[in-house]
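Below you'll find the structure, written out as C-alpha cells, and then a few comments.
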Amino acid sequence: MEPIWDELYRAAKAVQKERKISDYVEAGGVAAAIESSSGNIYTGVCIDTCSTLGICAERIAIFSMITNGEQEIKRVLAVMSDGRSGAPCGACRELMVQLMPDRYRDIEILLDREAEKIVTLGELTPEWWI
C-alpha cells in the first residue's frame with residue numbers, strides 16, 4: 001500500500017476527537033481525509049444531530065477542498081470510531097459523482113485498511129445515473 005494512505009489515515013485521526021457538543025449534536029464519530037489531485041489533504045468529521053441536519057465527514061472534507069479552490073479528488077479515506085476504515089455512504093458517493101462526472105470512476109477509496117483493500121468509486125458505483 002502506498003505511504004499516502006498512512007498519511008491520510010493520520011490526518012483523519014488527528015481531527016477525529018469524538019465528542020458530544022450538546023444534548024442534540026455529536027461530532028467526530030467518523031473522520032475523513034481527502035487527497036486532491038494536486039496532492040493537498042483536506043479533513044473533516046461527521047456531525048450527527050437529533051434531526052436530519054447532520055453531515056458526513058467525507059462531505060465536510062470535500063467542502064473544505066472546494067472552499068480552498070480545488071475540485072478534483074484523487075483519494076478518500078474514512079475512519080470509523082473503532083479506528084477501522086470504511087466506504088463512503090450513498091450521499092457522499094453522489095456528491096463525488098456530481099463533482100467529477102467524467103472522472104469519478106477513478107477516485108480511489110481505502111475500503112479496508114487492515115486488509116489493504118483499495119477500490120475505486122467506479123467499482124462502488126458502476127452504473128450511476130449520471
Side-chain angles (χ1 to χ4, degrees):
M1 190 163 59
E2 294 178 56
I4 185 64
W5 291 111
D6 287 330
E7 188 176 347
L8 290 168
Y9 184 82
R10 286 191 303 274
K13 287 299 287 178
V15 298
Q16 193 162 24
K17 300 176 184 77
E18 191 169 357
R19 61 210 177 269
K20 182 176 180 177
I21 295 173
S22 75
D23 288 342
Y24 310 102
V25 178
E26 295 179 357
V30 175
I34 303 285
E35 180 192 9
S36 68
S37 60
S38 71
N40 290 322
I41 294 175
Y42 300 94
T43 58
V45 297
C46 69
I47 300 172
D48 294 313
T49 69
C50 67
S51 64
T52 60
L53 297 175
I55 190 164
C56 298
E58 297 93 327
R59 280 183 281 159
I60 290 181
I62 292 167
F63 296 155
S64 178
M65 177 189 71
I66 292 170
T67 298
N68 283 280
E70 297 197 65
Q71 62 213 32
E72 292 192 12
I73 302 164
K74 186 171 182 177
R75 293 184 177 95
V76 177
L77 178 142
V79 179
M80 307 306 148
S81 60
D82 64 2
R84 297 172 58 176
S85 58
C89 74
C92 293
R93 295 176 198 186
E94 180 67 33
L95 176 61
M96 289 186 276
V97 169
Q98 290 187 30
L99 185 63
M100 298 174 52
D102 297 326
R103 296 172 312 285
Y104 79 89
R105 287 178 177 84
D106 300 327
I107 297 171
E108 294 179 6
I109 298 168
L110 183 58
L111 200 57
D112 185 334
R113 185 171 183 254
E114 292 176 7
E116 297 186 2
K117 183 175 183 178
I118 299 165
V119 297
T120 64
L121 187 55
E123 291 172 296
L124 291 179
T125 57
E127 300 296 328
W128 218 247
W129 69 273
I130 286 183

Chi angles and distances behind the side-chain contact (heavy atoms from CB on, under 4.5 Å) call for Leu110, Met1:
CA-CA 10 Å; Leu110 183 58; Met1 190 163 59; 3.7 Å; yes

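Sparse packing is recorded around CZ of Arg84, with 12 or fewer heavy atoms of other residues, nucleotides or ligands lying under 6.0 Å away. Heavy atoms of other residues, nucleotides or ligands lying less than 6.0 angstrom from NZ of Lys13 number more than 12. In Glu123, the CD atom is crowded: over 12 heavy atoms of neighbouring residues, nucleotides or ligands sit closer than 6.0 Å.
Placement of Trp128 and Val119 within a single hydrophobic cluster is found when ILVMFWY residues are connected by side-chain heavy-atom separations under 4.5 Å, directly or transitively. No continuous path of ILVMFWY side-chain contacts below 4.5 Å connects Ile21 to Val45, so the two sit in separate hydrophobic clusters. The hydrophobic clustering, which links ILVMFWY residues whose side-chain heavy atoms are closer than 4.5 Å, places Tyr24 and Ile47 together. The hydrophobic cluster containing Val97 also contains Ile34, counting ILVMFWY residues as joined when their side-chain heavy atoms lie under 4.5 angstrom apart, directly or transitively. Linking Ile, Leu, Val, Met, Phe, Trp and Tyr residues whenever their side-chain heavy atoms come within less than 4.5 Å leaves Met96 and Leu8 in two separate clusters.
The backbone N or O of Gly44 lies less than 3.5 Å from no partner atom in the side chain of Glu58, so there is not a single donor-acceptor pair. Of the possible donor and acceptor atoms, one in the side chain of Gln16 sits under 3.5 Å from a partner among the backbone N and O of Val79. Checking side-chain atoms of Arg93 against main-chain N and O of Pro88 turns up a donor-acceptor pair under 3.5 Å. One N or O on the side chain of Thr49 and one on the backbone of Gly54 form a donor-acceptor pair closer than 3.5 Å. Of the possible donor and acceptor atoms, one in the side chain of Thr67 sits under 3.5 Å from a partner among the backbone N and O of Phe63.
Stacking of Arg113 on the aromatic ring of Trp5 is not recorded, the 6.0 Å distance cut-off and the 45° axial limit not both being met.
Atom CD1 of residue Ile60 and atom SG of residue Cys92 lie 9.5 Å apart, to the nearest 0.5 angstrom. To the nearest 0.5 Å, atom CG of residue Asn40 and atom CD of residue Glu35 are 9.0 Å apart. Note that CD1 of Ile107 is 9.5 Å distant from OG1 of Thr120, once rounded to the nearest 0.5 Å. The line from NZ of Lys74 to CG of Asp106 is 11.0 Å long, rounded to the nearest 0.5 Å. To the nearest 0.5 Å, atom CG of residue Leu95 and atom CD1 of residue Ile55 are 8.5 Å apart.
Listed here is the closest heavy atom pair of Glu72 and Met65: O-SD, 3.7 Å. Smallest separation of non-hydrogen atoms from Val76 and Ile73: CG2-CG2, 3.6 Å. Shortest non-hydrogen contact noted between Glu18 and Ser81 is OE1-CB, 3.4 Å. Between Gly29 and Cys46 the shortest heavy-atom distance is N-SG, 3.5 Å. The two residues Cys89 and Cys56 make their nearest non-hydrogen contact at SG-SG, 3.5 Å. Scanning both residues, Thr43 and Ala11, for their nearest heavy atoms gives CG2-O, 3.7 Å.
Looking at heavy atoms from C-beta onward, Ser36 lies in side-chain contact with Tyr42 at the 4.5 angstrom threshold. Contact annotation: the side chain of Leu53 never approaches that of Val25 to less than 4.5 Å [non-hydrogen atoms, C-beta and beyond]. A heavy-atom distance below 4.5 Å is found between the side chains of Leu99 and Ile62. Looking at heavy atoms from C-beta onward, Glu2 lies out of side-chain contact with Ile118 at the 4.5 angstrom threshold.
Considering only residues two or more places apart in sequence or on other chains, Ser37 meets the side chain to side chain donor-acceptor pair (under 3.5 Å) condition with none of them.
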